[in-house]
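All values derive from a computational prediction rather than experimental measurement. Note on naming: letters A, B, ... go to the chains in the order of the sequence lines (proteins, then strands), and numbering restarts at 1 for each one.
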Amino acid sequence: MAGLNPKQEEACSYTEGPLLILAGAGSGKTRVITHRIAYLIDERSVNPYNILAITFTNKAAGEMRERVDAIVGFGAESIWVSTFHSMCVRILRRFYERLGGKNNFTIYDADDQKAAVKEVLRLLSLDEKQYPVRAMIAAISKAKESFLSPSQYEEQNAGSFREQNVAAIYREYQKRLRSNNALDFDDLICRTIDLFLQHPDVLELYQERFRYIMVDEYQDTNHAQFVLVKMLAAKYRNLCVVGDDDQSIYKFRGANIYNILNFEEEYPDAKVVKLEQNYRSTANILNAANGVIANNEGRKDKSLWTENPEGEKVVFTRYEDDRGEAAGVAKRIFKLLQAGGRLSDMAVLYRTNAQSRILEEQMIRENIPYQLVGGTNFYARKEIRDMVGYLKVISNPADDISLVRIINVPRRGIGDTTVNRMRDIAAERGTSLYDVLLDADQLPGLSRAAGKVKDFVELMERFRRTAEDGTISVLYQEILDQTGYRKELEQERTDEARSRLENLQELLNKISDYEMHAEQPSLVELLEEISLVADTDAEEDGSDRLTMMTLHSAKGLEFPYVFMVGMEERLFPSGLSLDSDDPDATEEERRLCYVGITRAMKQLYLSAAGRRMVNGNLTFPAVSRFIEEIPENLLQKEGKQEDADAIFGSQDRNRYYDEWQGTTFRRKTGSGYGVRRESRPKPTMQRGLPEKAAVDYTVGDTVKHIKFGRGVVKEMIRGGNDYEVTVLFDGAGEKRMFASLAKLRKV
DNA sequence: GAACCCATCATTTTT
DNA sequence: TGATGGGTTC
């Protein structure tokens, strides 16, 4: 195991029984996981077929797959590298009938859920104000995660009138999903658990298959996922979980930090390995991070250290206002560029998406190319959702939610009244809406609309026939043309319509791409990928751009130069977390700060503004407590450090803490900034740099890879003592891999 | 059914 | 500030 430190090596070679790897930021976690897999196969003769590696995001799964392929070579493809959700889909597609479902089920995403809840609220005549859709979805999700059925939920909250209604919403929601033959994301996990509980033979099948299980980002697992893993690992108990409690930042979406904190109680015989050597950051940056996180209680005891040089001090700049901050960041970026830095080495991180606007405006003004990561994703766009809606109905006509979405898009004279009447009939008959449409001409009271409904069903039936014997891309084009969707946009002749058309073209590209690469393309599988793979897997256009994103999106990434803006009380840590009665809320913000700081490799710039526009209000925020938690000797402070003094003269800072609400002013209308946002550049994936290696080839050489065969080295980037090698293979196309992992031989 | 006006409301996000 | 959703009007 060349190039691993003793702890890493220990983690790789401990293969039997439960293992907890506490992997600090930048400690070479992914390397350990991939090496461990290789070790299992090479040294312990484990059949790759018996290995399961679970990650959280598709991106992580993709990267791991690539690295595993590169290091393992032949046989690697039989390792399951998967997200929780795609693993469950795969299992359910095979066995869902055992639970009485149909295996062509549709997966409902957040938007579909929202539509379903809204329908339920209307049905139950409940007020959206009192029962906000978001909160209802959260409540349902939470209930599912703790395996509470609607009735159990009702019982548990028997005392509360409101909760009784929530239970009713949950019940109706679930009923709807069932009759629509749809599962939401939580169902994917929970129904798989149901399947295992009700059919022990199926569970055993997978226990036998997955004799070695690894879970990455274990601190992000929720309760249901914990249970699922536990069931799978129950027989062989070869469960290795990797995570960092200090990087747990997703409590708000169900992550349960106790899964990792209590792992040793759950598995008393567990071995614990701590990876505490950081290879990423300078000592100053790392110590700043340590200083901040030390203020949290209830964490696993560990302290990151590094052999890296001390480096520059962490810079903290207080700007007069938010615009000044954006300008200051831009100015600093120019300085870095002059000194030979590259934009792709820099990132600006912020707490809330709302902060991006002012930064974007500044970057546009200064002609600094940038990319936003995250934000609205491709599949959330209206035109895409519409087209996907058509595909969903074609694939699963029972999907009422999607049917209602598209039945009058583009306008075809089937208005709300008609739809509601037909829904009533469907409810009466106990059939799906689509079944009602099928005999629209027999229906009473639809006189005028009946013809239009009939036209629509005929259209849909034609699509279904195409779906049966044509390709998906042909079907897609047919939908675009025969519904008049394309024509309508073409006639609009606005920038927006043009961009929508481009997106529709992009979707076609994705579909064709899928058809070319899938082993056995099917509409069901395509839709599954669309639902499960949220973000556009970025075309890496390779152009040199600044990256801007939220702190959350930055997890798992690294950049030589990092800017963390808006280091202000009530922005970061967020006001909501400070007002929360949950003491962990502020600790989670601190972990988020820790995550942000540890993204930086060479230089970290922190900043705050003395005046900031928040939700249309002018505020005078105090400097974030996190700044004060960084040891003074690591900080280089710039700008006016006093708080609202800049505006109010000499007032006590703490007064502004207390009275911040009193110091906000409503902004008068009319001002506004001149620059409008351009269409957003598409998000691009970033990947981290690894560590060591000695190589006997260089750019231009022909090399051989165990799996991909012959190829020519196109590029070698040094990262630490490793090389990131880009090879153009004769068969497999261009691949990037690490010299230390890929067993490349010069030919 | 579409265009407009007003009121309301604001973390973080992947699957 | 801005996005969004509901209600109103033509």
Side-chain angles (χ1 to χ4, degrees), chain A residues 54-61 82-89 107-114 118 127-129 132-134 137-138 141 145 183-189 217 220-222 224-225 248-255 322 349-358 361 373-377 379-380 408 410-418 528-535 549-556 566 570-580 585-586 588-589 591-593 595-596 612-619 666-673 676-677:
Chain A
I54 306 178
T55 63
F56 257 81
T57 64
N58 291 291
K59 187 173 143 190
S82 167
T83 64
F84 272 105
H85 297 269
S86 30
M87 174 179 80
C88 289
V89 170
I107 300 164
Y108 274 2
D109 60 24
D111 213 81
D112 300 319
Q113 283 184 294
K114 209 172 133 191
K118 279 191 167 185
D127 182 12
E128 252 188 68
K129 290 260 155 55
V133 177
R134 282 182 65 107
I137 292 174
S141 173
E145 222 174 80
L183 298 176
D184 65 21
F185 288 124
D186 296 307
D187 287 335
L188 293 178
I189 312 285
E217 304 282 10
D220 289 340
T221 47
N222 66 29
Q225 289 160 340
S248 163
I249 55 173
Y250 283 114
K251 186 178 184 187
F252 68 91
R253 69 172 201 224
D322 43 5
L349 311 181
Y350 36 80
R351 177 66 241 263
T352 68
N353 280 122
Q355 290 167 263
S356 76
R357 164 159 283 125
I358 198 163
E361 286 168 354
V373 174
T376 12
N377 83 52
Y379 293 109
N408 204 27
R411 307 267 135 171
R412 47 173 74 91
I414 308 177
D416 289 350
T417 332
T418 313
E528 178 180 311
E529 277 194 20
I530 289 175
S531 311
L532 256 32
V533 182
D535 69 358
M549 65 190 142
T550 63
L551 286 153
H552 281 90
S553 310
K555 200 176 92 173
R570 304 213 132 254
L571 180 59
F572 190 34
S574 77
L576 271 125
S577 78
L578 292 176
D579 297 337
S580 162
T586 310
E588 178 141 318
E589 297 283 307
R591 292 194 285 271
L592 189 56
C593 183
V595 166
R612 178 180 301 275
M613 207 50 104
V614 179
N615 301 340
N617 289 326
L618 189 60
T619 63
R666 188 79 208 172
R667 185 180 188 152
K668 288 182 189 112
T669 48
S671 59
Y673 306 128
R676 263 312 311 152
R677 176 185 307 228

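Residue A:Leu571 contributes atom CG, which lies 12 Å from atom C1' of B:dT12 at whole-angstrom precision. For A:Asn617 and B:dC9, the CG to C1' distance is 12 Å, given to the nearest whole Å. Rounded to whole angstrom, the span from the CG atom of A:Asp186 across to the P atom of B:dT14 amounts to 15 Å. The CG-C1' distance, from A:Asp187 to B:dT14, rounds to 16 Å in whole Å. Per the geometry, CG belonging to A:Asn408 stands 8 Å off P belonging to B:dA2, to the nearest Å. Here B:dT12 presents its C1' atom at 11 Å from CD of A:Gln355, a figure rounded to the nearest Å. For A:Asn353 and B:dA10, the CG to P distance is 16 Å, given to the nearest whole Å. As a whole-Å value, the separation of A:Lys129 NZ from C:dG6 C1' is 8 Å.
Residue contacts shown for A:Phe84 are absent, as no nucleic acid heavy atom lies under 4.0 Å away. In this structure, A:Phe56 reaches the sugar-phosphate backbone alone: every heavy-atom distance under 4.0 Å involves primed, P, OP1 or OP2 atoms, never a base. Note on A:Gly575: nothing from the nucleic acid sits closer than 4.0 angstrom, heavy atoms only. At a threshold of 4.0 angstrom between heavy atoms, the contacts of A:Ser574 include nucleobase atoms, whether or not backbone atoms are also involved. Within the 4.0 angstrom heavy-atom criterion, no nucleotide atom of any strand lies near A:Glu588.
Map A:Arg412 and A:Phe252 each onto its nearest nucleotide of DNA chain B; the residue landing nearer the 5' end is A:Arg412. Residues A:His552 and A:Asp416 each lie close to DNA chain B; by heavy-atom proximity, the contact nearer the 5' end of the strand is made by A:Asp416.
The aromatic rings of A:Tyr250 and A:His552 lie tilted to each other, with the angle between the two planes from 30° to 60°.
Under 4.0 angstrom from either OP1 or OP2 of B:dT13 there lies at least one side-chain N or O belonging to A:Ser553. Contact check, A:Thr550 against B:dT13: a side-chain N or O comes under 4.0 Å of OP1 or OP2. Contact annotation: A:Asn58 reaches the phosphate of B:dT15 (side-chain N/O to OP1 or OP2, under 4.0 Å). Not one side-chain nitrogen or oxygen of A:Arg253 sits closer than 4.0 Å to the OP1 or OP2 atom of B:dT11.
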Worksheet item: Yes or no on side-chain contact (heavy atoms from CB on, under 4.5 Å) for A:Asp187 and A:Tyr108, after CA distance, side-chain angles and deciding distance?
Response: CA-CA 10 Å; A:Asp187 287 335; A:Tyr108 274 2; over 6 Å; no

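The minimum heavy-atom distance linking A:Pro573 with A:Leu578 is given by the pair CG-CD2, 4.0 Å. Across every non-hydrogen atom of A:Thr586 and A:Ser577, the tightest pair is OG1-O, 3.5 Å.
Remark: the A:Arg134 side chain and the B:dT13 base include a donor-acceptor N/O pair separated by less than 3.5 Å.
Side-chain atoms of A:Arg351 do not come within 3.5 Å of backbone N or O of A:Leu571 as any donor-acceptor pair. The main-chain N or O of A:Leu532 is never found under 3.5 Å from a side-chain atom of A:His85 such that the two would form a donor-acceptor pair.
Set against C:dG6, B:dT11, B:dT13, the side chain of A:Ser577 has B:dT11 as its closest nucleotide. In the set C:dA3, B:dT13, B:dT11, C:dA3 carries the atom at the smallest distance from any side-chain atom of A:Arg357. Listed candidates were B:dT15, B:dT12, C:dA3. Nearest to the side chain of A:Arg351 is B:dT12.
Atom name P, nucleotides C:dT4 and B:dT13: the rounded distance is 16 Å, in whole Å.
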